[in-house]
Structure formats: C-alpha cells, structure tokens
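First comes the structure, then the notes that go with it.
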Protein chains: 2
Amino acid sequence: MGRTATIDEGELVARLGEAFRQFGYEGATLTLLAKVTGLQKASLYHRFPGGKEQMAREVLDNAQAWITAHILDPLRGPGEPSARVAAMVRQVDEFYRGGRLPCLLNVLASGESMQGPFATDIKAMMEAWIGALSAVAIDAGCDKRRARGRAERFIALLEGSLVVSRGLGTVQPFRDVLKGAALELLGDQRSSRDS
Amino acid sequence: MGRTATIDEGELVARLGEAFRQFGYEGATLTLLAKVTGLQKASLYHRFPGGKEQMAREVLDNAQAWITAHILDPLRGPGEPSARVAAMVRQVDEFYRGGRLPCLLNVLASGESMQGPFATDIKAMMEAWIGALSAVAIDAGCDKRRARGRAERFIALLEGSLVVSRGLGTVQPFRDVLKGAALELLGDQRSSRDS
DNA sequence: GTCTATAGGAAGATAGAC
DNA sequence: GTCTATCTTCCTATAGAC
C-alpha cells in the first residue's frame, strides 16, 4: 500500500542472523551486513543505534523467541513424547536449513564475545533447551538424572553434527543425528530400527 | 647458551594456536598475536611472510602432526581396543585442555575461511580422525558401516561437548563425553557401568 | 527512514635501522 | 632476527541532506 520501499523488520533481523551465523561476529562486517540487508550502513545505525553489538543481540533475542515458540513449547506441550520429538526434529531441520547453517550459539560464543555481552543469553538458551528436552525424556519414563544426561548429550550431538557437517562438506552427519533423535532422547522403546 | 633471547619455534606456533582457538581467525588480530608471542608484528612477518593466513596454516599443520602422532597412530597401533581408546582419551583431554580450549577445526571453519584456504585441511583431518576411530571399532568387532557411524558420531559428540561446555561455562559435558568414549566407540562389552 | 560522504581509528602488512 | 616507525586499507560509527 502507499508505503515507501522499506524493508520488513522481521526480514531484516533474519538476514542479519544468517550473516552472523555464516561469517561469525567479527567476520560479519558492516559492509557485509549492509549488503545482505540491502540497506546502507547509516540506515542500519538508524535502526540499531547500538551498532553491531545491538544487531547481534536482537538476532539472538529473535532466535530465542523463535526457538521457544517453535521448538521448546511444542516439546513440553501435550501429545506423545515420540510425536513431540518428531515435531521438534522438523523445526530444528528448518532452523538449521537442513544442516547448512551453523548454530548462532556456537558462532557467538567465540572470541571476546564469550565472557562478553552474549555469554548470559547463550547459557540461558542452552539451559532452556536442555530443560525442555529433559522434560520430554521424563515423560517417556526416564528418571531425572538420566533425562538430563540424555538432553545434554543430544544438544552436544546436534551442535557437533553441524560442525562435522560443515567440516566434511556434507549434511549427512546432521541428518543422521536428526534421524536418531527419538532413540537418543527417549531410549529404546521399540520404535526405531537399529542404527 | 650464548644465544640471543629468541623464542622457540614450537612454542611460537603453540601460542599462536591458542590465540586462534580462543579468539577465532578474524578475532585474533596481529596486535593480539604479537602480544601472546612476545614478538613485534614485524618479527611475526619475518617468520611468516604469508602473514596471518600462513600463521593459521602452520598452526593447523602443527595440530595435524600432533594429533597424528599422539592420537591417531596410537589408536591404530597394537594393544587392546579399550586400552587404545583410553590412551586417546588422555591425549584428547590434554589437547583440549580439559575442555577449556575450543577446537581449531570448529574455529577455522568459520566465515570466509570455510570454502577458503583451510577447508581442504580441515576435511582431511576430520576424515583421518574418523578413519582411525573406525579402525579401532572394527577391531572391537564392529562391521564397517557401524564402525564408521560410531566414529562420526563420536567426533560430533566431542566437538559438540566443547561447544556446550563453553556455552554453559562448565567442562562437565566434555568430561562426560570422554568418560563414555569406550562405550560409545566399542559398544557395550561389559566394561562400563551405566551412565 | 534512507541516502551520500566522511570522520576516526584499528586492522594487516612493510621499510629500514640495528 | 628483532625492533621502531609508517603505509594502506578496511572497519565502526557519525553528520547532515533529502
């Protein structure tokens, strides 16, 4: 409608997020961020007066909201544990573009940014994810300790599979982890073939 | 003895490696690299005419040599599979400083450097590691397909546990993966408690 | 709210003395 | 082989017109 050719806010943050994930925090220069968003540097500063750090923070907040809504809530919600895990798998596959896009939590935990501005959010996100995975494992009959172990282990497996996929140049490791998610989290409940 | 106060070559590359692992390729500025080595920038360029990229490459080569000698060879060498895995675990623990130091393969696969100058070496190193792990699993009675799967899975678990350890601010996930390495790679051979 | 233009500084890399 | 001093380029950030 009678509007000037301005970029949508959600799309803007999404593009910034992709750039940070692909190139890392220091690797994502403002010139690059301007290019991928189609805006000029000054326009980016108009929307993010805090500069690059604010951009990364909003990307992180956005990811947290998306993950909470699309992954964590369904994971805790009603339904059979195996169905909930299957739903998570679909969303995770989308979130990581089938294994082609690195994890923001990995990328932003590098360098100075570690004990720096993002550490708290990263830790909170990981713990929220582990908590939700624990919950579904508990619903499947695990005791708390074992559930927590499986959850941590699955997150590690997921993050690691992204690293290995990138290193080997094939998304197969990522796919394998997604395929084995139910078995990994819920244990052997006669719902999977051997692997 | 009658020598000027010049830094040892091995120590030099080791310090550079630590810096790259902690701060990433773009995060490790020449000013920082000069600081951690105790040399001036010009001195670094004297030893590495190719600049930062050459430094990273030599760090990578050095890591490859160390891993081959201390981890891969013993893994293939003689001895009981479980003893070989135990030996690997000790060396891996040292290599990653008990889980406190990120993996070079993860850190250098970021950004442009991905399809860039290090991709080939990173892939080769991962495949060498996976190959050696497969070998020990085969010696423990696995068929080839399953051995390869376990090896890939273990590398992912290891890489991911470093990411999670960094994110959560505790090396416990890394420790857990090392503790479960034998079970993970060799299967349940009545040599481990449940976990 | 977006742009062009530019300030100010840090980055990678070199020159040349010792 | 290491240093001080410097070059050039790129980066983050801002000023100000439209």
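Order of the sequence lines sets the chain letters (A, B, ...), proteins ahead of strands, with each chain counted from 1.
The nearest whole Å value for the distance from the CD atom in E26(A) to the C1' atom in dG12(C) is 16 Å. Spacing between atom CZ of R47(A) and atom C1' of dC3(C) amounts to 13 Å, rounded to whole angstrom units. The NZ atom of K35(A) sits 11 Å away from the P atom of dC11(D) (whole-angstrom rounding). Look at CD on Q54(B): it is 14 Å from C1' on dG12(C), rounded to the nearest Å. Rounding to whole angstrom units, CE of residue M55(A) and P of dC11(D) are separated by 14 Å. One interatomic measurement links the two molecules: CD of Q40(B) to C1' of dT6(D), which rounds to 14 Å at whole-angstrom precision. Taking atom CG of residue L39(B) and atom P of nucleotide dA13(C), one finds them 16 Å apart after rounding to whole Å. Separating the CG atom of L32(A) from the P atom of dC11(D) is a distance of 9 Å, rounded to the nearest angstrom.
Between Y45(A) and dT14(D) there is no side-chain polar atom (N or O) within less than 4.0 angstrom of OP1 or OP2. Residue S43(A) places at least one side-chain N or O under 4.0 Å from the OP1 or OP2 atom of dC3(C).
The residues R47(A) and E58(A) are annotated as not salt-bridged, no charged nitrogen and carboxylate oxygen being separated by less than 4.0 angstrom. Under a 4.0 Å N-O distance rule, the pair E94(A)/R90(A) does not qualify as a salt bridge.
Looking at the side chain of A42(A), the nearest of the listed nucleotides dC11(D), dG12(C), dT4(C) is dT4(C). Across dA11(C), dT2(D), dT12(D), the shortest atom-to-atom separation from the side chain of T29(B) is found for dA11(C). The side chain of I7(A) lies closest to dT2(C) when the candidates are dA11(C), dT2(C), dT12(D). When each of dT4(C), dA13(D), dT2(D) is scored by its nearest atom to the side-chain atoms of H46(B), the top-ranked nucleotide is dT2(D). For L30(A), the listed nucleotide lying nearest its side chain is dT12(D); candidates were dT12(D), dG1(D), dA13(C).
Remark: R21(B) is positioned above the aromatic ring of F95(B), its terminal NZ or CZ atom under 6.0 angstrom from the ring centre and at most 45 degrees off the axis.
Both L186(A) and V89(A) sit in one connected hydrophobic cluster of ILVMFWY residues. Membership requires side-chain heavy atoms under 4.5 Å apart, directly or through other members. Two different hydrophobic clusters hold I138(B) and L183(B) under the rule that ILVMFWY side chains link at heavy-atom gaps under 4.5 Å.
Across all strands, K52(A) comes closer than 4.0 Å only to sugar-phosphate atoms, never to a base (heavy-atom distances).
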